[in-house]
Amino acid sequence: MNSPTLAVTRSDALRLKTLLNSEFVIAIGGERTHLSEFKDRLERAVVLESQDMMPDVVTMNSTIRLLDLDLNEVDTYTLVYPEEACIAEGKLSILSPLGTMIFGCRVGESVTCHVSGHQNRKQVEKITFQPERIGAFNL
């Protein structure tokens, strides 16, 4: 199944490609399925200047409301780089299975994430903060 083409800002694309090829990612198992798939999506991505990013797309440092389609519960996360991740504070790592799946999603889109043998269906309900929307291009 082909997933929609990913739209990514130039700065996110550069930083994410560097991260995915880093010793850190290799050490944590860079060949894990979700990371390999994310790397492939990133290679095929449409690269945009930050000011041209659509306001309804999940970018790095976006804060989003995710609806769990099975439990009908809403969680709020900020998508961050691994060094900032703290799930207790709602800071979701881009390297997590859910993080790689929601990156580049548009409001209203849903994803199915496989974690520990379980399927989790999530829908991007709302983006409450997107750096590009407010002109914060260097977060």
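Small disclaimer: the values here were computed from a predicted structure and weren't measured.
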Enquirer: What's the spacing between Q130 CD and M54 CE if we round to 0.5 Å?
Expert: 9.0 Å
Enquirer: Check whether any side-chain N or O of E37 sits under 3.5 Å from a backbone N or O of M101 as a donor-acceptor pair, and report yes or no.
Expert: no
Enquirer: Got a sec: does the CD of E23 have more than 12 other heavy atoms crowding it under 6.0 Å?
Expert: no
Enquirer: Scan residues 52-63 for pairs that pass salt bridge (Lys or Arg N to Asp or Glu O under 4.0 Å), counting only residues two or more places apart or in two chains.
Expert: D56-R106
Enquirer: Treat each ILVMFWY residue as a node, draw an edge where side-chain heavy atoms are under 4.5 Å apart, and state whether V107 and L66 are in one component.
Expert: yes
Enquirer: I'd like to know if V111 and L69 are part of one continuous hydrophobic network [Ile/Leu/Val/Met/Phe/Trp/Tyr, side-chain heavy atoms within less than 4.5 Å].
Expert: no
Enquirer: Could you grab the distance from atom OG1 of T9 to atom CD of Q51, nearest 0.5 Å is fine?
Expert: 10.0 Å
Enquirer: Just how far is it from atom OG of S62 to atom CZ of F103, taken to the nearest 0.5 Å?
Expert: 8.5 Å
Enquirer: Between the main-chain N or O of P131 and the side-chain N or O of N61, is there a donor-acceptor pair closer than 3.5 Å?
Expert: no
Enquirer: With clusters defined by side-chain heavy atoms of hydrophobic residues (ILVMFWY) lying less than 4.5 Å apart, directly or transitively, does L79 cluster with Y77?
Expert: yes
Enquirer: When rounded to the nearest 0.5 angstrom, what is the spacing between CG in L6 and CG in D40?
Expert: 11.5 Å
Enquirer: Can you tell me how far CD1 of I64 sits from SG of C105, rounded to the nearest 0.5 angstrom?
Expert: 8.0 Å
Enquirer: Got a list of side-chain donor-acceptor pairs under 3.5 Å for residues 92-99, not counting sequence neighbours?
Expert:
unit_1	atom_1	unit_2	atom_2	d
S93	OG	L95	N	3.0
S96	OG	S93	O	2.7
S96	OG	G99	N	2.9

Enquirer: After noting the C-alpha distance and the side-chain angles of L16 and Y81, does the key distance pass the side-chain contact (heavy atoms from CB on, under 4.5 Å) rule?
Expert: CA-CA 9 Å; L16 288 168; Y81 289 95; 3.7 Å; yes
Enquirer: Answer yes if V47 and M53 sit in the same cluster of Ile, Leu, Val, Met, Phe, Trp and Tyr residues linked by side chain heavy atoms under 4.5 Å apart, and no otherwise.
Expert: no
Enquirer: Is there a path of hydrophobic side-chain contacts, each under 4.5 Å between heavy atoms, that joins L19 and L14?
Expert: no
Enquirer: Any heavy-atom pair between the side chains of T100 and L35 that's under 4.5 Å?
Expert: yes
Enquirer: Will you find, in the side chains of E132 and T59, an N or O donor that is under 3.5 Å from an N or O acceptor?
Expert: yes
Enquirer: State, with a plain yes or no, whether a side-chain heavy atom of V8 is found less than 4.5 Å away from one of V46.
Expert: no
Enquirer: Can you measure from CD (E109) to CD (Q123) and round to the nearest 0.5 angstrom?
Expert: 9.5 Å
Enquirer: Quick test of your reading: applying salt bridge (Lys or Arg N to Asp or Glu O under 4.0 Å), list the pairs with at least one residue in residues 63-80, sequence neighbours left out, ordered by first then second residue.
Expert: R65-E125, D68-K122, D70-R121
Enquirer: Starting from the C-alpha separation in whole Å, work towards a yes-or-no answer on side chain to side chain donor-acceptor pair (under 3.5 Å) for T78 and T63.
Expert: CA-CA 4 Å; T78 300; T63 301; 2.8 Å; yes
